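Since the structure is predicted, the reported quantities are computational estimates derived from the model, not experimental observations. Computed from heavy atoms alone, side chains included, the values below leave out hydrogens, waters and symmetry copies.
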Amino acid sequence: MSAPDTIIVGSGINALVAAALLGGKGRRVLVLERNERIGGCIRTEAVTAPGFVHDVMATTFVLFVTSPAYAALAGDLARHGLEFCNSDTPTGVLRPNGDFLIHGRDRTANVAAFDAVEAGDGVQYLADIASVERNAGLIFGLLGGRVWSFATARLLAGEAWRRGPRALASFFGEALTPARGWLESSYGSETTRALWAPWALHAGLGPEDAFSGQISKVIAFALEAAGAPVVKGGAQNLLDAFQGLIEERGGEIRTGADVAEILTTNGKARGVRLASGEEIAASTIACSVTPDQLYGRLLAATPQPEAGEATRRYRYGKGNFQLHYALDRPPAWRSKGLSDVALLHLTPGLDGVSKACNEALRGMLPEEPTICVGQPHALDPSRCPPGKAVLWLQLPEAPRHVRGDAAGKLEIPADGRWTPALREAYADRAEAVLSRHIDGFAGTIIARRAYSPADLEAMNVNLVGGDPYGGSSTVDQSFLWRPFKNSMNHTTAVDGLYHIGASTHPGAGLGGGSGYLLAERL
């Protein structure tokens, strides 16, 4: 390609969305990725046994298929081979006593299932989903739009005019309700509460955090509307489709290209210098990285005092623990009807999620972790040989730095670091939970592969302490305060330099929101 006018540092979902959209508008885009592969938290490998395909980190793309980025790119990505596989039963919960509840894509069936567990829970579910639909324009306008913009100002002014200021304030007050407050005041069944309690974790929140109730309702709405799709053949095919589209639109992707410095002159970005010493000029630069990487490394030669202090105060969230299995046969769940559920949470319930979350925040290994079990083979049989199975497990409550074991059983290294021995011992704890719910589970295991928070950070420097959400997602670090209290959309103090990725609004997830918003702005 000819000299780029736009350089994008990093190649996660936001970077790829921005590159594809900007290329479609005539920009000459160069994507620079320090690793030998693109994708950020999207990574597909045969990590267990030959013939078994695993999405090592991210696997479910409901936020992407419901995003404006996908609406703009779906046809072109399909031309480049992107296909999704889905399930009619996107999620469910299974408790230690065997009680379970499945949430599907049929609203009438969901209402009946919830009412069967506890009279009135179905009617409450209907009201919760209806509230998301009724307020969809405001909710998704704020979740997905540029916070500091005339469009958002018009949206809020219009809502204040239509509802009245007091009613609008009431909406925001309700939206800030923690998941615990919402669930305990709405649902009578512990199993219904257990179904939704873990979903706040996937937004980087805990059940006691403000806004966790509203985001859980939004997730429930999205799961019913779009399911929990996975990429046919593995998430790598999404990356291949993006690369094909970016190159078709005149862009270039370079891997093994570690950007060491953003070059500036008189407060304006003018290009980058690679670790190899090569300098590349461009008038616009977007960095899909954490604040630590942007201000602590890439701009270290031209310090930004205000942003540097804000970076020092920026908080990262809990770590993530991943566990993958190649199985000789599909799991024989003791509770029938769970074999086709895309994402199944194993948890004691709301209090169990709260306890495990609190333990992880205090640096303790949870005594009974919340386990999200993905069954990609049920959606996409191409992930493994016929008759076999693949399990994708995520434990979203893991300490970044280990101070102790809440169960008092595991030996913790004196320096608090995750070691291979500690990783495997903690994986054994999760496996013991699986074995209590699956007949003969141990005898079906062909191979297992675990990833501690330290392993995840080693694969991607932006996963600080294994935090996959780009930083704590509590309200004080979200919306107009993400990443910093004085942040203005995706701009920085350096003219022509922009900040995107999970550490910026709209935050974490696979929706590509910040990449889309930047491309629209530019």
Side-chain angles (χ1 to χ4, degrees), residues 45-56 59-60 85 87-104 191 194-195 198 228 230 234 321-349 352 356 365-396 398 407 409-410 420-452:
E45 291 184 285
V47 297
T48 55
F52 291 82
V53 176
H54 299 270
D55 290 337
V56 174
T59 193
T60 304
C85 301
S87 169
D88 290 331
T89 51
T91 193
V93 68
L94 176 60
R95 300 176 64 204
N97 63 2
D99 287 351
F100 69 94
L101 182 58
I102 296 173
H103 176 256
T191 302
L195 175 69
V230 299
F321 193 99
Q322 299 281 143
L323 188 56
H324 303 274
Y325 286 96
L327 302 181
D328 192 49
R329 59 174 170 79
W333 296 99
R334 291 185 180 130
S335 300
K336 304 304 179 184
L338 302 178
S339 297
D340 294 326
V341 176
L343 294 172
L344 179 69
H345 285 109
L346 308 186
T347 175
L365 294 171
E367 180 179 17
E368 187 161 3
T370 305
I371 303 174
C372 181
V373 182
Q375 304 185 94
H377 63 276
L379 286 70
D380 177 15
S382 73
R383 299 287 183 102
C384 57
K388 311 301 182 184
V390 169
L391 290 187
W392 173 97
L393 271 66
Q394 182 184 58
L395 283 67
K409 297 179 179 179
L410 301 183
L422 181 61
R423 177 191 65 209
E424 297 307 315
Y426 194 57
D428 289 342
R429 180 171 297 175
E431 187 170 304
V433 176
L434 283 176
S435 296
R436 291 198 292 269
H437 292 289
I438 300 172
D439 285 328
F441 180 66
T444 68
I445 299 172
I446 297 173
R448 178 182 94 177
R449 179 69 178 271
Y451 294 88
S452 73

Is [Y] close to [X] at the side-chain level, that is, under 4.5 Å between some pair of heavy atoms?
X	Y	answer
F100	R95	no
H345	P396	no
F321	P369	no
L327	F441	yes
H437	L338	no
L422	S452	no
Y325	T48	no
V390	V53	no

Side chain S335, main chain G98, donor-acceptor under 3.5 Å: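 Between the backbone of G98 and the side chain of S335 there is a qualifying donor-acceptor contact (under 3.5 Å).
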
W392 side chain to P376 backbone, donor-acceptor under 3.5 Å: no

Taking atom [atom1] of [X] and atom [atom2] of [Y], what is their separation to the nearest 0.5 Å?
X	Y	atom1	atom2	result
W333	Q375	CH2	CD	5.5 Å
K388	D328	NZ	CG	3.5 Å
Q394	H324	CD	NE2	9.5 Å
Q322	D55	CD	CG	10.0 Å
K409	L365	NZ	CG	12.5 Å
L410	E367	CG	CD	11.0 Å

Distance-minimising heavy-atom pair for [X] and [Y]:
X	Y	answer
L343	G374	CD2-CA, 3.9 Å
R334	I438	NH2-O, 3.8 Å
T59	R383	OG1-NH1, 4.3 Å
A228	P90	N-CB, 3.8 Å
S339	A378	O-CB, 3.6 Å
S87	D340	OG-O, 3.0 Å

Worked check of side-chain contact (heavy atoms from CB on, under 4.5 Å) between R448 and D428: CA-CA 10 Å; R448 178 182 94 177; D428 289 342; 2.9 Å; yes

Partner of L94 by side chain to side chain contact (heavy atoms under 4.5 Å, CB included), out of V433, L346, I371: L346

